[in-house]
Amino acid sequence: KTLPAIEMLGKLVNPRATKKVIGLAPRGSDHTSIWKQRYLTRDEYKKVVQKLLLDDATVLVFGSENDFEYYGVYPNNNVIFMNSQFCVSHPAPRYPCSMRHMLTAVNVCDYVISVDTWLKTYAALVGIPCKVIMNRYFGKSTTEFFDPSDNVFLAPSFWGFDILPLESFF
């Protein structure tokens with residue numbers, strides 16, 4: 001969490017002056033499954049972001065172009081949507097970004113909130129505290145059904161992150 005890392009983001013993070021910087025990955029690449037949900041709905045996304053803003057945080061939202069089209073620009077200049085091609089924050093226009101900018105942004109996060117996606121893995125590898133939003137299953141509770149891949153990607157104790165139900169983030 002060094003000043004040069006923040007400076008590298010240029011005008012995007014410097015003027016925010018909040019208590020903390022939180023990374024958020026609201027949607028994973030597997031978001032089209034009809035039985036397993038690894039994404040936040042638009043309403044859930046708004047609720048999580050609102051809570052983080054109330055905690056005086058700058059929220060860095062990481063996602064693809066499709067994710068940006070799904071969620072849109074959050075109407076607050078302390079919410080920055082970014083990926084390896086662009087960054088955007090209300091009311092500013094798109095700003096070109098690279099993978100280096102994006103990973104630098106992740107590295108300045110005080111902690112990360114993520115669905116089961118690359119961001120939770122990267123955060124664990126570089127030692128950033130991470131809270132993972134538990135996968136949800138349609139028609140069954142997680143005690144009745146558990147996808148074996150969740151044991152591989154979410155459950156190992158060496159990851160060191162909390163796996164929490166979505167409701168705990170509101």
Side-chain angles (χ1 to χ4, degrees), residues 1-31 38-40 42 44-135 152-154 156 158-164 166 169:
K1 316 270 194 293
T2 64
L3 185 59
I6 293 172
E7 287 175 345
M8 189 174 177
L9 293 173
K11 296 178 181 179
L12 290 176
V13 173
N14 284 344
R16 300 304 196 251
T18 57
K19 289 183 185 173
K20 54 194 159 212
V21 178
I22 309 301
L24 174 63
R27 193 160 111 155
S29 58
D30 179 20
H31 60 270
R38 285 188 185 164
Y39 68 93
L40 301 180
R42 287 179 183 98
E44 292 165 345
Y45 168 76
K46 287 177 186 175
K47 287 180 184 176
V48 170
V49 171
Q50 286 169 352
K51 183 176 185 312
L52 295 173
L53 290 172
L54 288 173
D55 290 341
D56 195 25
T58 294
V59 183
L60 302 178
V61 181
F62 298 94
S64 68
E65 177 76 35
N66 289 338
D67 299 339
F68 178 69
E69 289 174 13
Y70 182 75
Y71 295 110
V73 175
Y74 193 89
N76 185 302
N77 69 347
N78 282 336
V79 179
I80 303 162
F81 191 97
M82 69 184 324
N83 60 35
S84 60
Q85 284 83 40
F86 69 89
C87 306
V88 65
S89 180
H90 176 79
R94 283 186 185 216
Y95 177 81
C97 281
S98 66
M99 182 65 79
R100 183 178 178 200
H101 289 113
M102 185 178 69
L103 293 178
T104 299
V106 175
N107 290 336
V108 301
C109 290
D110 293 295
Y111 69 90
V112 163
I113 297 172
S114 179
V115 295
D116 184 10
T117 189
W118 71 270
L119 185 59
K120 62 97 175 136
T121 304
Y122 180 81
L125 292 172
V126 297
I128 299 169
C130 185
K131 297 177 182 189
V132 179
I133 298 169
M134 202 160 79
N135 293 327
V152 175
F153 296 108
L154 292 176
F158 63 83
W159 285 123
F161 46 63
D162 298 323
I163 304 169
L164 304 167
L166 177 63
F169 294 95

Legend entry - Shortest non-hydrogen contact from A105 toward M82: CB-SD, 3.4 Å
Inset, instruction - Would you name the heavy atoms of F62 and P26 that are closest together and state the gap between them? - result: O-CD, 3.7 Å
Inset, instruction - Say whether, by atom type as modelled, one donor and one acceptor occur between the side chain of S89 and the main chain of V79 under 3.5 angstrom. - result: yes
Inset, instruction - Output the distance between atom CG (L24) and atom CG (L40), rounded to the nearest 0.5 Å. - result: 6.5 Å
Inset, instruction - Please name the pair of heavy atoms, one in E44 and one in Y39, separated by the smallest distance, quoted to 0.1 Å. - result: OE1-O, 4.1 Å
Inset, instruction - Run the numbers on H101 and T104 for side-chain hydrogen bond (donor to acceptor under 3.5 Å, both in side chains), then give the verdict. - result: CA-CA 5 Å; H101 289 113; T104 299; over 6 Å; no
Inset, instruction - Could you walk me through whether E65 and R94 pass the salt bridge (Lys or Arg N to Asp or Glu O under 4.0 Å) test, one step at a time? - result: CA-CA 12 Å; E65 177 76 35; R94 283 186 185 216; 2.9 Å; yes
Legend entry - Reported CG-to-CE distance for the pair N83 and M99, which is rounded to 0.5 angstrom: 9.0 Å
Inset, instruction - Heavy atoms only: give me the nearest T117-R27 pair and the separation to one decimal. - result: OG1-O, 4.5 Å
Legend entry - Contact summary for C109 and G23, nearest pair of heavy atoms: SG-N, 3.4 Å
Inset, instruction - State the CD1-CG distance between I128 and L119, to the nearest 0.5 angstrom. - result: 7.5 Å
Inset, instruction - Could you tell me whether Y70 and Y45 have their ring centroids closer than 6.0 angstrom? - result: no
Legend entry - V21 versus V108, closest heavy-atom pair with distance: CB-O, 3.9 Å
Inset, instruction - Taking the side chain as every heavy atom from C-beta outward, state whether V61 and Y74 have any pair of such atoms under 4.5 Å apart. - result: no
Inset, instruction - For the residue pair L103 and V126, establish whether any side-chain heavy-atom pair is separated by less than 4.5 Å. - result: no
Inset, instruction - Is it possible for you to check whether K20 lies under 6.0 Å from the centre of the six-membered ring of Y111, through NZ or CZ, and within 45° of that ring's axis? - result: no
Legend entry - Under 3.5 Å donor-acceptor, D55 side chain and A57 backbone: no
Inset, instruction - Keeping the roles fixed (side chain from D110, backbone from I22), state whether a donor-acceptor pair exists under 3.5 Å. - result: no
Inset, instruction - Would you indicate whether the side-chain heavy atoms of C97 and M102 approach each other to under 4.5 Å? - result: no
